[in-house]
Amino acid sequence: MEAYRTILQANGLSIGYHQGKKKLTVAKDLNFNLEKGLLTCILGPNGVGKSTLLKTILGILPAISGDIKLFNQPLEKYSSQRLAKTIAIVLTERPPGGNLTVEQLVGLGRIPHTGWLGVLSQQDKKKIDTAIRLTKIEPLRKRRMGELSDGQIQIAMIARALAQDGDILILDEPTAHLDLANRWEIIHLLRRLAQISGKAILMVTHDLDQALENSDQLWLMPPQQEMIGGPPEDLLIQGKLDLLLPTGSLALDRETGKLFSAKSSRLPPFTGSPKYQKWAKNFLRKIPHSAIESFHLEDNPFSIQIAIHGKTQYFESFEHLRFFLLQH
Amino acid sequence: MNVNLTLSFVLGLIVLVLLWGLSLSYGPVSIPVEAIWARLWGEDFPRSSWETIIVEYRLPKSITAILVGINLSISGLQMQTYFRNPLAGPYVLGVSSGAGLGVAITLMAGTALGWNLWGMTDGWVLFLAAALGAIGVLAIVSFTAWRVKDSMTLLIVGLMFGSLASALVALLSYFAAAEKLKMYTVWSLGSLGATTWPQLQLFGWATLIGLIPVFLVAKSFNAMLLGENYAQSLGINVGRLKWTMIVSTGLLTGSTTAFCGPIAFIGIAVPHIARLILKTTDHKILFPGAALLGAIILLACDSLSHLPGTASVLPINAITSLLGAPVVIWLIVRRNFSKEF
């Protein structure tokens, strides 16, 4: 089953740049399987070789050593034309081309499939329509790129990549310049597309929260260490995600998936209503709290009760608690 | 292709033919269009001098104008799309400066260095010098293009070589004899009327060879609208496109500059006007559109360069600049230039 779902596979892959006869290895011994129908996110600090990996997958950089196979065939056997029919990309930067309409932009995705003049056939037009429908940008169809917001442009670029009709969609930090709502919209669009189109979607991102919440598979590229792949939930529980963080200073909360400072002292035992416990923890991480011996929460009506220096104190809000803690 | 587009092209062709007729009939000696029309169907001109004027002078000149218009517009369009820079023109790679340097060396180095090249005023000699200069600079720029991958670097290197060539020309001008300096200045003002039939033949071939690759890669230029990375992901060989562009613009602008001197603004302004009129970014429409528009505009400029009632002809470079500069300024003010593509 697994072998059947895998589209792209690497074994002992080393990637980097060729400078004349010298080879500059950026990352080595990479092993991964890219599977269809899944949203896969690559996480790793800057300079670890994420872009180099994408360029290698796109056939722009040849692999330094090891195997990389696309549909069980070595990647280097693919011509750029054939590769273009298999892999489409969306990049971070807003592309030039302000005078193109959205429809024309999406139509550019058909370039690998058309003849030398680039005339669109009925089938090409159908694929363009499907891409526009799936991304729900029908109202923008006749608008020019220059009139669109950054978020709309990225969605149109995703539509363009869909029209290219490959089995793999690669996105390099597609939401880096976008606001919260647009990020949410794009990542949910990608989730939906992975499920209904069956494509393998591979996305580089620095947005840990979104990757944890929405990806099916994570590829971790920790510095100087082996690449690790797996569902985000597994990796979080196994503590593998901590490998991405500077040792000793930052860690991930196994329960919430949130970052916290590893240096902060241990939290007091919690009792009472569990409803707002998460926010209580959130609050305590920001303030010195080592003196608190226990922490009791009531949610209706909201109240906080702490034991401190052997005495019990009541508070109506976090503001009051902070006032108290800062005075002691 | 929709109806509006077909209509624009038919209209353009009609205007082209009308202007062509006008440029043949108009001049110090007025020759009625009817007589030219009749001559086309085999009748003789009422005066034998008209035959000489048309065949030896006005016909080659008007054909030259059309070829220049096509060459510069197509080159400009290629450069603007490839470099994704609305101000790129056919001369950004230093072609005209190279040609200018070639001509300057031929005309002026004689006095500066104390040797005298045979005659030196002959059209072929100037053509050869300009062509060698243009090819020389293109060769250097191409070598750079082969070493560097980045298109912006290529643009800057082209501009630098252009400045370098201009500086050498300035040095030569400083030491040159007055009459040679004048000859160089006249060459640099551009002229459509200096081409003879044998030269025109060569010009025609250079144009044809320079145009063929452009129409073969119109699709690749469309992909370049989104930038190099996206073009590459669409299966376009960007390196090959770069060489196609260098060879094509080299041939087109090199031959134009060699035969007619540098002619300003057509290459920058015409592609923008073509985009404005045709309202498209599709290069399989823009290339023929810009070519047609370029030919029309150059023919019109040629007609404008004749002062009515006299035999004097204004320098073509001055006319194209007088018309072209306001157009470019108007475009910049009226529209957001960066959204022009």
Side-chain angles (χ1 to χ4, degrees), chain A residues 20 51 54-55 57-61 78-101 103-120 144-148 153 156-157 160-161 163-166 168-172, chain B residues 1-2 80-86 88 147 149 151-152 212-241 244 271-272 274-288 331 335-341:
Chain A
S51 299
L54 289 194
K55 282 181 187 165
I57 295 175
L58 288 168
I60 297 170
L61 290 175
Y78 281 75
S79 67
S80 59
Q81 190 78 21
R82 218 176 126 208
L83 215 50
K85 290 181 186 174
T86 316
I87 306 177
I89 59 168
V90 175
L91 304 172
T92 318
E93 302 301 326
R94 186 186 179 114
N99 221 14
L100 283 168
T101 63
E103 189 177 13
Q104 288 167 336
L105 171 70
V106 177
L108 289 182
R110 296 306 295 167
I111 281 181
H113 302 270
T114 54
W116 64 274
L117 252 183
V119 180
L120 297 172
R144 294 187 186 276
M145 276 170 75
E147 304 163 2
L148 303 184
I153 288 268
M157 292 310 288
R160 188 208 61 90
Q164 207 170 325
D165 204 25
I168 301 177
L169 173 55
I170 289 181
L171 304 101
D172 190 2
Chain B
M1 207 187 269
N2 61 37
Q80 288 174 6
T81 303
Y82 183 83
F83 292 115
R84 289 175 307 288
N85 185 330
R147 299 281 311 203
K149 295 271 181 286
S151 64
M152 257 333 132
I212 292 170
V214 176
F215 287 94
L216 290 178
V217 296
K219 188 171 102 163
S220 309
F221 276 106
N222 282 344
M224 280 302 282
L225 287 173
L226 295 178
E228 261 170 72
N229 289 327
Y230 280 114
Q232 209 154 25
S233 83
L234 286 164
I236 303 299
N237 186 334
V238 177
R240 199 165 58 200
L241 188 66
T244 309
H272 287 295
R275 281 189 206 100
L276 210 64
I277 294 176
L278 298 170
K279 295 192 177 62
T280 181
T281 44
D282 188 348
H283 285 76
K284 58 180 185 288
I285 298 162
L286 275 182
F287 275 127
L331 279 170
R335 295 172 66 97
N336 188 340
F337 223 44
S338 62
K339 290 179 183 169
E340 189 55 42
F341 291 89

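Below, each value reflects all heavy atoms present in this structure, side chains not excepted, and no hydrogens, waters or symmetry copies. Numbers restart at 1 for each chain; the letters A, B, ... are given by sequence-line order, proteins then strands.
Annotation for B/K279 and A/R144: closest pair O-NH2, 4.5 Å, computed over non-hydrogen atoms. Taking both residues in full, the closest heavy atoms of B/L234 and A/L108 are given as CD2-O, 3.5 Å, listed atom of the first, atom of the second, then distance. Scanning all heavy atoms of the two residues, the minimum distance from A/W116 to B/K219 falls at O-CB, 3.6 Å.
Residue contact with chain A, scored on non-hydrogen atoms closer than 4.5 Å, involves the backbone and the side chain of B/A223 alike. If you measure heavy-atom distances from A/L83 to chain B, you find no contacts under 4.5 Å at all. A/I87 touches chain B through its backbone: at least one of N, CA, C or O sits under 4.5 Å from a heavy atom, while the side chain does not. Heavy atoms of A/I170 lying under 4.5 Å from chain B are absent altogether. With a 4.5 angstrom heavy-atom cutoff, A/T101 does not touch chain B via any of its atoms.
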Residue pair B/D282, A/Q104: steps toward the side chain to side chain contact (heavy atoms under 4.5 Å, CB included) verdict: CA-CA 9 Å; B/D282 188 348; A/Q104 288 167 336; 5.8 Å; no
Worked check of side chain to side chain contact (heavy atoms under 4.5 Å, CB included) between B/Q232 and A/I89: CA-CA 10 Å; B/Q232 209 154 25; A/I89 59 168; over 6 Å; no
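Checked by atom type and distance alone, the side chain of A/Q164 pairs as donor or acceptor with a backbone atom of B/S233 at under 3.5 Å.
Among the candidates A/S79, A/G107, A/G59, A/S80, the residue making the largest number of heavy-atom pairs closer than 4.5 Å to chain B is A/S80. Of all the listed residues (A/G166, A/P96, A/P95), the one sharing the greatest number of non-hydrogen pairs under 4.5 Å with chain B is A/P96.
Sequence neighbours left out, the pairs with a member in residues 103-118 of chain A that pass salt bridge (Lys or Arg N to Asp or Glu O under 4.0 Å) are A/E103-A/R141, A/E103-A/K142, A/R110-A/D124.
In this structure, A/K55 NZ and B/N229 CG are separated by 7.5 Å, a value rounded to the nearest 0.5 Å. For the atom pair B/L225 CG and A/L105 CG, the distance stands at 10.0 Å (nearest 0.5 Å). Distance check: A/R160 CZ to B/L226 CG gives 6.0 Å after rounding to the nearest 0.5 Å. Note: A/N99 CG to B/T281 OG1 = 6.5 Å, rounded to the nearest 0.5 Å.
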